[in-house]
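Before any comments, here is the structure.
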2 protein chains.
Amino acid sequence: MSFELIEKLRDKGYKITRQRESILAVLSEEGHQLLSAREIFKKVLKNGGCTNFSTVYRNLELLMQEGIVRKVELNRDAACYELSNCEEHHHHLVCTKCGNIQVTSYCPLDELQDEDGFVPTEHHFEIYGYCKDCV
Amino acid sequence: MSFELIEKLRDKGYKITRQRESILAVLSEEGHQLLSAREIFKKVLKNGGCTNFSTVYRNLELLMQEGIVRKVELNRDAACYELSNCEEHHHHLVCTKCGNIQVTSYCPLDELQDEDGFVPTEHHFEIYGYCKDCV
DNA sequence: TTTTATGCAAAAGGTTTGCAACTAG
DNA sequence: CTAGTTGCAAACCTTTTGCATAAAA
C-alpha cells in the first residue's frame, strides 16, 4: 500500500487512524484515478472500512496541505482528488461522452511567456472533448 | 450598449425583458471583467434594474447556450461569467494576493500534440500566482 | 493522559427547480 | 392571446463547522 505516506504523516506528528489509512488506501488503488469525496467515502465503506463524510473532507484537506493529494475541479458537481506523488505532473483529458479520463504530461506552463511580471505558483489545465472511441 | 446581442436573441425567438437587458448591460460594462452571479445581481439592482437570483442564473444559462457568455471557474466559491464575444479567446492570470485578474492571449491548445486521437472541444486554463505588484 | 481525530447533526453557500403570476410580442 | 419569463420560496448538493465522544501515542 502506501507505507511511505503513512510514515510521512506519522513523522509530521499526525495520528494514523483506521479512517486515514482507509482513505489513503482507496486513493492508492488501481493507479491514480480521480475520485470525488463521495466516491472515496463509498469505496472506504465497500472495503469494509468505517468513516464519515466530514472525516473524508477533513483528511483530504490535510493531505492537500501536506502535498500528498491534489484537487482537480472538472466540469462536474463535485471536485475530484488524486495522489499527487503517484505520477509526475500531468493534466487531464475528459471525454464528455463516455466520461473516460486520460492523462497527458504536456504542461502549458512551460510555454508561457513572461506575462507582465506575473509569477505563477499554480495552474489548472483540463481539456474536454471526445476520446478516440467516441469521436 | 449591446444592440447586436439583443438582436441576436430576438432573432432566436427569445423575448427581450428588462431583466435580460439589464444583465447584458452589466456584462457589457467596463470591458469584460469577470463577474459572479451575485455580482451581476447586485450591479443590476445598483443600476436601478429589477431582477432576481433565479433570473440571473437562468439567463446566464441561456446566454451560455447561445454562446454569448462564457463561464470561468476560478479558485473561488462562485463561478464567474464574461461575455465571450467581447474579446478574442483568452485565459486568466489570477493574483492570489490582491485578487487582480489579468488576461493572456496565449492558449495551450495550439501546442497540444495529438493525444491518442482525443478531439478537444473545450478547455480550461487558469494561472494563479502573484502579479508584478505583489511579488 | 493528552492531544488529535472522528461522528453526528446542523449550517453555509452556490445553484436549481416547481409553480403561480406576469408580460413581451 | 399565449408562449416564454419572472419572482418567490423551497429544494438540492457539496463542503464546512461546532461540539461531545473516542482513540492514537
Side-chain angles (χ1 to χ4, degrees), chain A residues 3 5-26 34-45 47-66 68-82, chain B residues 3 5-26 34-45 47-66 68-82:
Chain A
F3 286 123
L5 296 180
I6 300 285
E7 285 315 309
K8 180 172 177 180
L9 288 176
R10 200 193 308 274
D11 290 351
K12 284 261 191 174
Y14 297 113
K15 295 182 176 172
I16 309 305
T17 63
R18 275 168 297 132
Q19 292 84 343
R20 197 157 279 167
E21 278 187 305
S22 321
I23 291 167
L24 273 176
V26 164
L34 288 173
L35 296 171
S36 69
R38 163 160 271 112
E39 290 168 328
I40 294 169
F41 173 66
K42 283 189 191 160
K43 288 205 172 214
V44 167
L45 296 190
N47 292 353
C50 159
T51 191
N52 176 284
F53 249 107
S54 317
T55 302
V56 171
Y57 275 110
R58 279 193 273 232
N59 273 290
L60 287 171
E61 186 62 35
L62 182 152
L63 293 168
M64 281 195 289
Q65 275 173 29
E66 295 305 323
I68 293 175
V69 159
R70 209 159 67 92
K71 182 199 260 190
V72 181
E73 313 222 34
L74 303 178
N75 268 349
R76 297 182 171 181
D77 32 354
C80 288
Y81 303 84
E82 65 182 357
Chain B
F3 286 122
L5 295 181
I6 300 284
E7 285 317 310
K8 179 172 179 181
L9 288 177
R10 199 191 310 274
D11 291 350
K12 285 261 190 173
Y14 297 112
K15 295 183 176 171
I16 309 304
T17 61
R18 277 167 295 131
Q19 293 84 342
R20 197 158 278 168
E21 278 187 305
S22 321
I23 291 168
L24 273 176
V26 163
L34 289 173
L35 296 171
S36 68
R38 163 158 272 113
E39 289 168 330
I40 294 169
F41 173 65
K42 284 189 191 161
K43 287 204 175 215
V44 167
L45 296 190
N47 292 353
C50 159
T51 192
N52 175 282
F53 248 108
S54 316
T55 303
V56 172
Y57 276 110
R58 278 193 273 232
N59 274 289
L60 288 172
E61 187 61 35
L62 183 152
L63 293 168
M64 282 195 290
Q65 275 173 29
E66 294 305 322
I68 293 175
V69 158
R70 209 159 66 92
K71 182 199 262 190
V72 181
E73 313 221 36
L74 303 178
N75 268 348
R76 296 183 171 180
D77 32 354
C80 288
Y81 303 84
E82 64 182 357

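Below, chain A is the first sequence line, B the second, and so on; all start at residue 1. For the numbers below, each heavy atom of this structure counts, side chains included, while hydrogens, waters and symmetry mates do not.
- Phosphate proximity of D:dT6 to B:Thr17: present, with a side-chain N or O under 4.0 Å from OP1 or OP2.
- Per the geometry, CZ belonging to A:Phe41 stands 14 Å off P belonging to D:dT15, to the nearest Å.
- Contact between the side-chain N/O atoms of A:Gln19 and the OP1/OP2 oxygens of D:dA24 is not found at any separation under 4.0 Å.
- At D:dT6, none of the side-chain N or O atoms of B:Asn52 fall inside 4.0 Å of OP1 or OP2 (strictly under the cut-off).
- Note that the first and last nucleotides of DNA chain C, 5' to 3', having any atom under 4.0 angstrom from a heavy atom of chain B are C:dG14 to C:dG25.
- In terms of phosphate contacts, B:Thr51 brings a side-chain nitrogen or oxygen within less than 4.0 Å of OP1 or OP2 of D:dG7.
- A:Gln19 contributes atom CD, which lies 8.0 Å from atom CG of A:Asn59 (distance to the nearest 0.5 angstrom).
- A salt bridge links B:Lys12 and B:Glu66; the closest N-O separation between the charged side-chain nitrogens and carboxylate oxygens is under 4.0 Å.
- Both A:Lys15 and B:Arg18 sit near DNA chain C, but only A:Lys15 has its closest nucleotide nearer the 5' end.
- Contact of the B:Leu60 side chain with the B:Lys71 side chain is not registered, since no non-hydrogen atoms from C-beta on lie closer than 4.5 Å.
- The nearest heavy atom of DNA chain C to B:Ala37 and to B:Tyr14 marks one nucleotide each, and the one closer to the 5' end goes with B:Ala37.
- A sub-4.0 Å separation between OP1 or OP2 of D:dA25 and a side-chain N or O of A:Arg10 is present.
- In this structure, B:Glu66 places its CD atom 14 Å from C1' of D:dG4, rounding to the nearest Å.
- For the atom pair CZ of B:Arg20 and CZ of B:Arg10, the computed distance is 11.5 Å after rounding to the nearest 0.5 Å.
- One axis for each end of the helix from C:dT1-D:dA25 to C:dG25-D:dC1, each built from five base pairs, and the angle between them comes to 30° at 10° resolution.
- Between B:Thr55 and D:dG7 there is a side-chain polar atom (N or O) within less than 4.0 angstrom of OP1 or OP2.
- Partners of A:Phe41 by ring-ring contact (aromatic ring centres under 6.0 Å, His included), not counting sequence neighbours, listed by chain and number: A:Phe53.
- OP1 or OP2 of D:dT5 sits under 4.0 Å from a side-chain N or O of B:Arg20.
- The shortest side-chain heavy-atom distance between A:Leu24 and A:Leu63 falls under the 4.5 Å cut-off.
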